[in-house]
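Indexing begins at 1, ligand by ligand and atom by atom, following the structure's order.
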Amino acid sequence: RINRRSMAVLAALVSVLACAPTDEPPPRAAAGRHAGAPGIGDTDFPRDGNGGYDVANYSLTVDYTPASKRLTGVTKIHAKATQDLSSFNLDLTGLDVAKVTVDGDPARFSRKGGELTVTPAAPLVADSPFTTEISYSGTPAPAKDTANLGTYGFIPTADGAFVASEPNGSKTWFPSNDHPADKATFDFTVTVPAGLTVVANGEQTAPPATSGGRTTYRWSERHPMATYLATATIGKFQVREGRSRGGIPTYAAVDPRFKTSLDKVYDLSGEITDYWSTVFGPYPFSSTGGVVDDYSAGYALENQTKPLYGGFDPDEGIIAHELAHQWFGDSLTIKRWKDLWLNEGFATYAEWLWSEHKGKKSADAIFKDFYNRGAQDPVWAYPPGRAKPGDLFNESVYTRGGMTLHALRKAVGDPAFFKLLKTWTAQHRYGNVTTRQFVDLAEKVSGKELDPLFDAWLFQPRRPTLA
Ligand code: ARG
Ligand code: ZN
């Protein structure tokens, strides 16, 4: 979730400092008869991801030293060709590539913009698995997207790095098919100066091992994950581990500046994950938790199993938001960025459900407050069902997205609405989703014709009338 107050200050600053972004032509396939496409097909982000293959696993080996900001990495990718491939692309920005192999043999490669083009010694055959290994190093530079109000990706900090990559910042620290439409499992082997902690996704598969003044951490996320949710946040951390009351392994880590938040983040993360499991269906992953770093990002990100809070003490509303994303965004992942309300509208509505659950303001009262801000409020001019690439995280995607779900709940009634949420998460667990699929399922579960409701709430540039 975005801390709107700090972002407004940042936006003002950025608009003063930024130059206009260059307008790049749409990508063309690289030369070669069976070249893989340089984009996965998301027309709003034409160079994000790549075509022609599907990644199954990333094994990331990263060595990082905060004092020099130097990163050395080897990324091993297990993938399957989805067409014959004379070459294929990966996404990577900055950093120097030393060597690329495909199925163990050296491959030619070239760089242009954020694209790394790999030409294997022998072409790859459709439907065949292959591995590629990329050796690289350098000083990672985070992405700065002024339109989307943020610095994201691998962000060096005084004592380590803050790693939060939505929407397309994984390319700032490892070569990848950097688009949510291609999910994969992840293994992390990260080595840092002794005394620092590395927090990645999933669970630790071995205790940290120190030799020669450096410590290696091993983490593994065994469930499919979008690249933007991958993290290896590094720094001085105080850690608390255990299980929630419901038995879900829980890991909390806070920068020493936030040491008084450790118990609260730990306790609330467990309690909220347990509660959401009763509302949204079984928790999709093998552990839950939260990380508070001292980098003032102006936002939090729902990194899979390890939501990351950027430089503030999170309250229960934002913890409820990031943990709701474990179902909506992380387990069920959008196929195209324009459907972002399926993440943010749901996570925002979850905040309202949490408030209602705690006996504070009801979701209905919160809905009415927003509605009564009046017909001139900017959210009514921005239809949330089609997130704009230059303004993905607009408040409408969050608030009007959440209001859409409340309008739906009122139209179909509580039993159908909550049945729909559980059916949705069960049917698309670990997969990719679209708005059309949600509308179709809502109609099926409720037995009602809902196109007019969704059209008014998601796609029209005006305030809908209340039924
Ligand atoms: N998905 C995050 C949340 O709402 C927001 C991330 C914002 N990212 C950014 N680069 N500003 O929980
Ligand atoms: Zn969110």
Query - Residue and atom names of protein N/O/S atoms that fall under 2.8 Å from the Zn ion (ligand 2) - result: His321 NE2, His325 NE2, Glu344 OE1

Requested in this report: Heavy-atom distances under 4.0 Å are what count here, so tell me which part of Ala300 touches ligand 1: side chain, backbone, both or neither.
Outcome: backbone

**Report entry** Separation between OG of Ser287 and CD of Gln326, rounded to the nearest 0.5 Å
**Finding:** 9.0 Å

Query raised in the report: Are Lys422 and Phe280 in a cation-pi setup, meaning NZ or CZ lies under 6.0 angstrom from the ring centre and within 45 degrees of the ring axis?
Result: no

Query - Ring centers of Phe154, Tyr64 separated by less than 6.0 Å - result: yes

Query - Test of proximity, Thr151 against ligand 1: N or O pairs below 3.5 Å - result: no

Report task. Just jot down the ring-ring contact (aromatic ring centres under 6.0 Å, His included) partners of Tyr349, sequence neighbours excluded, or say none. Result -> Trp352, His406, Phe417

**Report entry** Geometric N/O contact Tyr152 with ligand 1, under 3.5 angstrom
**Finding:** no

Query raised in the report: Which atoms of ligand 1 sit under 4.0 Å from any heavy atom of Glu344?
Result: 1 (N), 2 (C), 3 (C), 4 (O)

Requested in this report: State the atoms of ligand 1, each with its element, that fall below the 4.0 Å cut-off from a heavy-atom position in His321.
Outcome: 3 (C), 4 (O), 12 (O)

Query raised in the report: Can you check whether Tyr251 and Trp219 have ring centres sitting under 6.0 Å from each other?
Result: yes

Query raised in the report: Looking just at side-chain N and O atoms, do Ser170 and Ser176 make a donor-acceptor pair shorter than 3.5 Å?
Result: yes

Query raised in the report: Are any of the N/O atoms in Tyr299 less than 3.5 Å from those in ligand 1?
Result: no

Query raised in the report: Is the shortest heavy-atom distance from the side chain of Phe438 to the side chain of Phe346 under 4.5 Å?
Result: yes

Query raised in the report: Is the centre of the Tyr228 ring less than 6.0 Å from the centre of the Trp337 ring?
Result: yes

Query raised in the report: Think Lys410 forms a cation-pi with Phe367, using NZ or CZ under 6.0 Å from the six-ring centre and within 45 degrees of its axis?
Result: yes

**Report entry** Geometric class of the Trp380/Tyr371 ring pair [parallel <30°, tilted 30-60°, perpendicular >60°]
**Finding:** perpendicular

Report summary line: Near Leu301 (heavy-atom distance under 4.0 Å), the atoms of ligand 1 are 1 (N), 2 (C)

Query raised in the report: For atom 7 (C) of ligand 1, which of Tyr309, Tyr228, Phe393 has the closest heavy atom?
Result: Phe393

Query raised in the report: Which atoms of ligand 1 have any heavy atom of Glu302 under 4.0 Å away?
Result: 1 (N), 2 (C), 3 (C), 12 (O)

